[in-house]
Novice: 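Here it is: the structure, laid out below.
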Amino acid sequence: MLCLTLTEDTIQDDLDCIRRNSAYVDLVELRLDTLKDAEIAKAKDVPHLTDKPVILTYRRKSDGGKAQVSEKERLEKLCEIAQGDFAYVDIEGDVKKSELRYEKDGQKFDLETSLRERGVRIIRSYHDFAGLPADLFGRVTKLASKGDIAKVAVTPHSIMDVITLFRIQEEVKDVKEKIVIGMGPWGVCTRILYKKLGSLLSFVTEGSGSGIGQLDARTMKELYRADQVDERTAVYGVIGNPVHHSSSPMIQNLGFHAIHFNAIYVPFLVDNVRSFFKLAEMVHIHGFSVTIPFKRDVLPYLGKISRETKQIGACNTVVHINNMWKGLNTDYYGFLQPLSPMLDKGQIKRALVIGAGGAAQAVSFALRNHDVKVTIVNRTIEHAEQLSRLTMSGYDSLDHINQYSGKVDLVVQTTSVGMVPNEGEDASHGFKFTGSEIAFDLVYKPRETVFLSRAKQAGCRTVGGAQMLLEQGKLQFESFTGYHYPPKVYPEI
Ligand code: NAP
């Protein structure tokens with residue numbers, strides 16, 4: 001189930017939020033602590049104002065909530081509002097039964113017993129915004145001990161912590177009903193793969209940026225289809241650091257949906273490649289993309305690598321085949337794809353490659369393998385020299401770039417200069433386009449960089465990084481699924 005957390009300050013705004021997200025979620029969580037004081041009294045009626053089951057929560061500050069009142073007042077209010085027709089009521093694990101006593105019509109009750117008698121499910125919650133408690137598995141068992149739903153929302157800080165969260169399913173098998181949430185950037189993969197963790201639900205918001213890693217309802221439902229995951233769903237992903245900006249989930253998930261392939265593609269923030277391979281084996285990850293800074297680091301863990309990967313010394317695609325991890329480099333072919341008509345016709349004889357990093361290495365090898373004479377210009381000349389030796393190219397300082405104007409058929413911009421948020425920058429401003437060059441920028445955000453717009457104004461043919469990104473992604477899709485990328489799918493990258 002996907003559960004929309006309501007954090008507006010009026011009931012009406014919360015109801016409007018439910019209406020806007022109704023198609024994406026199965027239930028909602030009403031948070032009393034974000035409501036204005038005058039609105040809290042009206043909260044009892046909310047279950048009658050929506051067709052979604054409602055979780056009632058009044059979160060105190062120490063658990064990440066906003067309740068402004070004393071603990072006694074908070075619990076009194078919770079007892080009062082919980083008389084409404086809620087499907088679930090969230091009670092923190094350390095709140096004692098004796099703290100939830102209340103009087104009604106002169107009679108004394110305790111909230112736990114009355115909720116159980118009315119068939120309302122209690123969610124026993126534990127929050128840790130600093131990390132993972134050492135006794136995490138024991139806590140889950142304890143929270144569920146009275147037949148309640150155990151909820152643990154904790155904060156992983158590494159892939160090892162993420163592994164611990166995935167182990168909950170195995171370690172506390174007896175607890176059938178639990179909610180497991182990894183908060184913060186490391187926990188995003190656990191929120192998307194909540195069903196693989198054995199979690200009953202995952203919380204979502206409207207729009208992104210909750211600060212604790214919640215995804216927006218529509219992305220979770222339509223892009224990830226997280227609620228459709230079953231035991232046969234194959235898991236794929238992208239590893240990087242940072243990784244949450246990656247367009248690859250868009251490319252791969254849209255492709256999976258279009259061909260009805262039972263698979264999900266998830267971003268994994270990674271600190272240590274070795275730990276990630278452990279997670280990959282544990283979760284049975286079938287394949288993954290690799291982005292900065294791990295393209296080299298994955299190599300020692302691969303049983304087999306393609307010819308291009310070996311030559312370039314960098315791998316951007318890993319697939320699990322015949323019990324072995326195989327490394328490929330689809331950047332190589334993604335780069336060549338838009339140029340292949342011109343290469344086939346012999347229209348590219350000399351090329352200038354700006355930059356000498358990982359991407360420049362793939363580009364230089366691809367061009368050299370097609371008999372193009374390459375000169376590498378770079379800010380740090382030593383890096384240009386090293387790459388030129390590897391690829392048998394010429395090299396020069398970026399400061400001398402003006403000397404190559406009019407002398408090359410192709411200019412490839414491979415540095416990160418000009419990428420958002422520095423879209424006004426251009427590493428090659430000294431180069432004057434004559435109009436006869438093909439200009440290729442690997443930067444894909446923005447779609448038209450200053451480099452490309454200068455080239456266009458001079459009359460050059462241009463190729464943007466988004467095209468290469470899509471081409472390399474389509475090739476990854478083929479390696480993952482064995483099928484061609486569906487022709488009518490156009491991911492917005
Ligand atoms: P990298 O290995 O870190 O290399 C960065 C390169 O940029 C180095 O040559 C570096 O020069 C140069 N550079 C950085 N800041 C500079 C500055 N202010 N002025 C001049 N030169 C500067 O990175 P990478 O993996 O090659 O990636 C580079 C870019 O390509 C990124 O923007 C990446 O997103 C993009 N890319 C796109 C695709 C695609 O499919 N479109 C695929 C792969 C990569 P020094 O040697 O002097 O440090």
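Scope of the values below: all heavy atoms of this structure, side chains included, with no hydrogens, waters or symmetry mates. Because the structure is a prediction, the values reported are computed rather than measured. Indexing begins at 1, ligand by ligand and atom by atom, following the structure's order.
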Novice: Side chain to side chain donor-acceptor pair (under 3.5 Å) with Gln361: which of Gln386, Gln311, Lys295, Arg296?
Specialist: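 Only match with Gln361 under side chain to side chain donor-acceptor pair (under 3.5 Å): Arg296.
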
Novice: Which residue, Lys52, Glu206, Lys221, forms the side chain to side chain donor-acceptor pair (under 3.5 Å) with Asn21?
Specialist: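 Looking at Lys52, Glu206, Lys221, the match for Asn21 under the side chain to side chain donor-acceptor pair (under 3.5 Å) is Glu206.
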
Novice: Students should be able to answer this: which protein heavy-atom is nearest to atom 19 (N) of ligand 1, and at what distance?
Specialist: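 Protein heavy atom at minimum distance: Val417 CG2, 3.6 Å.
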
Novice: Would you tell me which option among Thr330, Thr380, Leu442 has the nearest heavy-atom contact to atom 37 (C) of ligand 1?
Specialist: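 Ranked by closest heavy atom to atom 37 (C) of ligand 1, first place is Leu442.
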
Novice: Taking the six-membered ring for Trp, are Tyr265 and Tyr224 closer than 6.0 Å centroid to centroid?
Specialist: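 No, too far apart.
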
Novice: Looking only at non-hydrogen atoms, which of Arg379, Arg296, His245 approaches atom 22 (C) of ligand 1 most closely?
Specialist: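 Minimum heavy-atom distance to atom 22 (C) of ligand 1 goes to Arg379.
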
Novice: Pick out which of Tyr301, Phe268, Phe276, Phe294 makes a ring pair (Phe, Tyr, Trp, His ring centres under 6.0 Å) with Phe288.
Specialist: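 Answer after filtering Tyr301, Phe268, Phe276, Phe294: Phe276.
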
Novice: Show the atoms of ligand 1 that are less than 4.0 angstrom away from any heavy atom in His383.
Specialist: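 The list of qualifying atoms is 45 (P), 46 (O).
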
Novice: Where the closest heavy atom to atom 9 (O) of ligand 1 is concerned, which of Ala356, Ser247, Gly418 has it?
Specialist: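 That would be Ala356.
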
Novice: Going by the atom numbers of ligand 1, which of them fall below 4.0 Å from some non-hydrogen atom of Thr414?
Specialist: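 The atoms of ligand 1 under 4.0 Å from a heavy atom of Thr414 are 28 (C), 29 (C), 30 (O).
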
Novice: How far is atom 11 (O) of ligand 1 from the closest protein heavy atom, and which atom is that?
Specialist: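 For atom 11 (O) of ligand 1, the nearest protein heavy atom is Asn378 OD1, 3.3 Å.
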
Novice: Provide the number and element of each atom of ligand 1 under 4.0 Å from a heavy atom of Thr415.
Specialist: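 It comes down to these atoms of ligand 1: 7 (O), 12 (C), 13 (N), 21 (N), 29 (C).
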
Novice: To the nearest 0.5 angstrom, please state how far the CZ atom of Phe365 sits from the CE atom of Met392.
Specialist: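 Answer rounded to 0.5 Å: 8.0 Å.
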
Novice: Flag atom 33 (C) of ligand 1 as yes if some protein heavy-atom distance to it falls below 4.0 Å, otherwise no.
Specialist: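 Answer no: nothing from the protein, no heavy atom, is under 4.0 Å.
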
Novice: If you measure from the Lys or Arg side-chain nitrogens to the Asp or Glu carboxylate oxygens, is any gap between Asp426 and Arg454 under 4.0 Å?
Specialist: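 So Asp426 pairs with Arg454 through a salt bridge.
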
Novice: For the aromatic rings, using the six-membered ring if either is Trp, is the centroid distance between Phe431 and Tyr404 under 6.0 Å?
Specialist: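 Between Tyr404 and Phe431, which both carry aromatic rings, the centre distance is not below 6.0 Å.
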
Novice: Are the aromatic rings of Phe261 and Phe480 close, with centres under 6.0 Å apart?
Specialist: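 No - the distance between ring centres of Phe261 and Phe480 does not fall below the 6.0 Å cut-off.
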
Novice: When you measure from atom 2 (O) of ligand 1 to every protein heavy atom, which one gives the shortest distance, and what is it?
Specialist: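 Its nearest protein heavy-atom neighbour is Gly358 N, 3.0 Å.
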
Novice: Is Arg139 salt-bridged to Asp135, going by a charged N under 4.0 Å from an acidic O?
Specialist: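 Yes, Arg139 and Asp135 are salt-bridged.
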
Novice: Should you measure from each heavy atom of Tyr444, which atoms of ligand 1 turn up under 4.0 Å away?
Specialist: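 Ligand 1 atoms under the 4.0 Å threshold to Tyr444: 34 (O), 41 (N).
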
Novice: Within a distance under 4.0 Å of any heavy atom of Met419, pick out the atoms of ligand 1 and give their elements.
Specialist: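 Checking each atom against Met419, I get 32 (O).
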
Novice: Could you tell me which atoms of ligand 1, counted from 1 in the order shown, lie closer than 4.0 angstrom to a heavy atom of Gly355?
Specialist: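 Close to Gly355: 9 (O).
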
Novice: Aromatic rings Phe477 and Tyr485: how do their planes relate, parallel, tilted or perpendicular, breaks at 30° and 60°?
Specialist: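 Because their plane-to-plane angle is over 60°, the rings of Phe477 and Tyr485 count as perpendicular.
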
Novice: Applying the side chain to side chain contact (heavy atoms under 4.5 Å, CB included) test to Ile354, which of Thr375, Thr414, Leu398 qualifies?
Specialist: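 Considering Thr375, Thr414, Leu398, a side chain to side chain contact (heavy atoms under 4.5 Å, CB included) with Ile354 is found only for Leu398.
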
Novice: Can you tell me which residue and heavy atom of the protein come closest to atom 23 (O) of ligand 1, and the distance to 0.1 Å?
Specialist: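 I find the closest protein heavy atom is Ile292 CD1, 4.3 Å.
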
Novice: As a check for students: among Ser428, Gly465, Ser248, Gly357, identify the option with a heavy atom nearest to atom 4 (O) of ligand 1.
Specialist: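 Checking each option, the heavy atom nearest atom 4 (O) of ligand 1 is found in Gly357.
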
Novice: Would you verify that at least one protein heavy atom lies under 4.0 Å from atom 28 (C) of ligand 1, or report that none does?
Specialist: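 Yes, there is a protein heavy atom closer to it than 4.0 Å.
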
Novice: Which residue and non-hydrogen atom of the protein lie closest to atom 24 (P) of ligand 1, and at what distance in Å?
Specialist: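 Here the nearest protein heavy atom works out to Ala359 N, 3.7 Å.
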
